[in-house]
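For reference, the structure is listed below as structure tokens.
Since we're looking at a predicted model, the values are computed, not measured.
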Amino acid sequence: MDSNLIFESKRVISSAFIDSSVRMGVAQSVLLVQDNLTECFAAMGCDGIAYREKYNMFWVFTKTKVHFERRPDWRELVTVRTFPIDNAGMRTHVNTEVLDKDGNRLLVANQEACVLSLENHRPVKITNLNYPKEGFPPAAYAEPFARFPSDFSEEDLVFEQPVRSCHIDMSRHMNNIEYIKLALSVFSDDFLQSHDITDLEVHYTGESKEGQLLRVYRRDASDCAGKSFVHIKESGRCVFECCLFFIRLAVQVPAARLWA
């Protein structure tokens with residue numbers, strides 16, 4: 001195992017990363033994972049900036065899966081460890097662990113990514129680039145990605161959302177985290193306060209640009225309480241899909257008590 005492939009950082013959960021529960025939010029958790037991955041790739045010399053300058057190529061993250069043990073509280077100090085676990089030629093998988101000050105795991109994530117050409121947006125072989133090919137650390141989270149239902153009807157439609165300039169990132173497309181925020185918006189704040197997420201899986205299946213209209217659908221699983229699917233379409237094509245699993249909290253702690 002090549003220990004140089006493991007990027008570790010200490011982070012304090014700031015107010016920018018919490019939600020109304022005064023803990024790190026679900027979307028912000030994925031943002032933290034993505035951010036540490038970016039720093040990991042920069043340390044290995046294969047981040048988006050390097051690939052654009054050397055190869056005229058860019059990274060695309062296609063899938064993310066997160067298992068939550070506990071979302072850290074505001075101002076809590078955590079350790080974030082990120083490392084690639086394979087090089088499958090056309091794609092790679094990268095694990096991230098978030099640990100508390102005692103080394104207990106708070107959440108673990110697996111991300112799937114590929115590299116596209118800036119000229120034609122076609123995938124290229126990662127094995128031809130300066131990306132690790134061996135010496136990978138053992139996987140911390142290797143759960144396979146799932147397949148989601150696609151037959152959503154108009155009865156499942158929750159709301160519509162135009163893509164605004166505030167949703168756009170440096171790729172000139174809608175930012176990944178903005179999709180997750182839309183998915184969470186199908187639930188009321190009362191629901192999110194009385195339930196805790198245990199698992200999240202998201203698939204980024206298309207691109208959305210400023211001015212396009214997104215239609216957000218939700219369906220609750222018939223065979224599993226607390227499990228919901230969210231599907232986002234633009235002009236009939238799927239651009240995002242995800243599955244969320246929640247458990248009801250036995251006792252809801254008022255947010256004021258968490259930081260008083």
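Under the 4.5 Å side-chain criterion, counting only non-hydrogen atoms from C-beta, Leu37 is not in contact with Gln34. Taking 4.5 Å as the limit, every side-chain heavy atom of Asp100 sits out of range of all side-chain heavy atoms of Val78. Side chains of Tyr179 and Tyr204 form a contact here, defined as non-hydrogen atoms less than 4.5 Å apart. Within the 4.5 Å cutoff, no side-chain heavy atoms of Cys242 are placed close to those of Phe229. In this structure, the side chains of Phe68 and Asp199 stay at 4.5 Å or more apart for every pair of heavy atoms. Under the 4.5 Å side-chain criterion, counting only non-hydrogen atoms from C-beta, Val239 is not in contact with Lys233.
For the atom pair CG of Leu118 and CG of Asn56, the computed distance is 4.5 Å after rounding to the nearest 0.5 Å.
Glu207 pairs by the salt bridge (charged side-chain N to carboxylate O under 4.0 Å, His left out) definition with nothing, not counting sequence neighbours. Phe145 pairs by the ring-ring contact (aromatic ring centres under 6.0 Å, His included) definition with nothing, not counting sequence neighbours. In this structure Arg11 satisfies the salt bridge (charged side-chain N to carboxylate O under 4.0 Å, His left out) test together with Asp35, sequence neighbours excluded.
Counting only residues at least two apart or on different chains, the side-chain hydrogen bond (donor to acceptor under 3.5 Å, both in side chains) pairs with a member in residues 157-167 are Glu160-Arg215. Listed by first and then second residue, the ring pair (Phe, Tyr, Trp, His ring centres under 6.0 Å) pairs that reach into residues 11-45 are Phe41-Trp59, Phe41-Tyr131, sequence neighbours excluded.
With hydrogens and angles left out, the side-chain atoms of Glu39 and Ser9 include no donor and acceptor closer than 3.5 Å. Inspection of the Asn110 and His93 side chains reveals no N or O donor paired with an N or O acceptor under 3.5 Å. The closest side-chain donor-acceptor pair between Thr96 and Asn36, if any, does not fall under 3.5 angstrom.
Val12 belongs to a hydrophobic cluster whose other members, connected by ILVMFWY side-chain contacts under 4.5 Å either directly or through intermediates, are Leu77.
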For the pair Phe246 and Phe187, evaluate ring pair (Phe, Tyr, Trp, His ring centres under 6.0 Å) and give the outcome as yes or no after the intermediate values. CA-CA 11 Å; Phe246 292 92; Phe187 304 98; 5.1 Å; yes

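Classification of the Phe148-His203 ring pair by plane angle, with boundaries at 30° and 60°, yields parallel.
Salt-bridge formation is detected for the pair Asp196/Arg23: a Lys NZ or Arg NE/NH1/NH2 atom is positioned less than 4.0 Å from an Asp or Glu carboxylate oxygen. A salt bridge does not link Lys63 with Glu201: none of the charged nitrogens is closer than 4.0 Å to a carboxylate oxygen.
Looking at Asp47, its side chain does come within 3.5 Å of a backbone N or O of Ala50 through a donor-acceptor pair.
Clustering ILVMFWY residues whenever any of their side-chain heavy atoms sit less than 4.5 angstrom apart, transitively, puts Val230 in the very cluster that holds Ile197. Residue Leu107 is not grouped with residue Ile247 when hydrophobic side chains (ILVMFWY) are merged at heavy-atom distances under 4.5 angstrom, including chains of intermediate members. Val66 and Val108 are not part of a single hydrophobic cluster, where members link through side-chain heavy atoms under 4.5 Å apart. Under the 4.5 Å side-chain contact rule for hydrophobic residues, Tyr141 and Met24 do not share a cluster.
Just one of Ile180, Asn176, Ile177 meets the side chain to side chain contact (heavy atoms under 4.5 Å, CB included) condition when paired with Val202; it is Ile180.
For His195 and Phe245, the gap between ring centers reaches or exceeds 6.0 Å.
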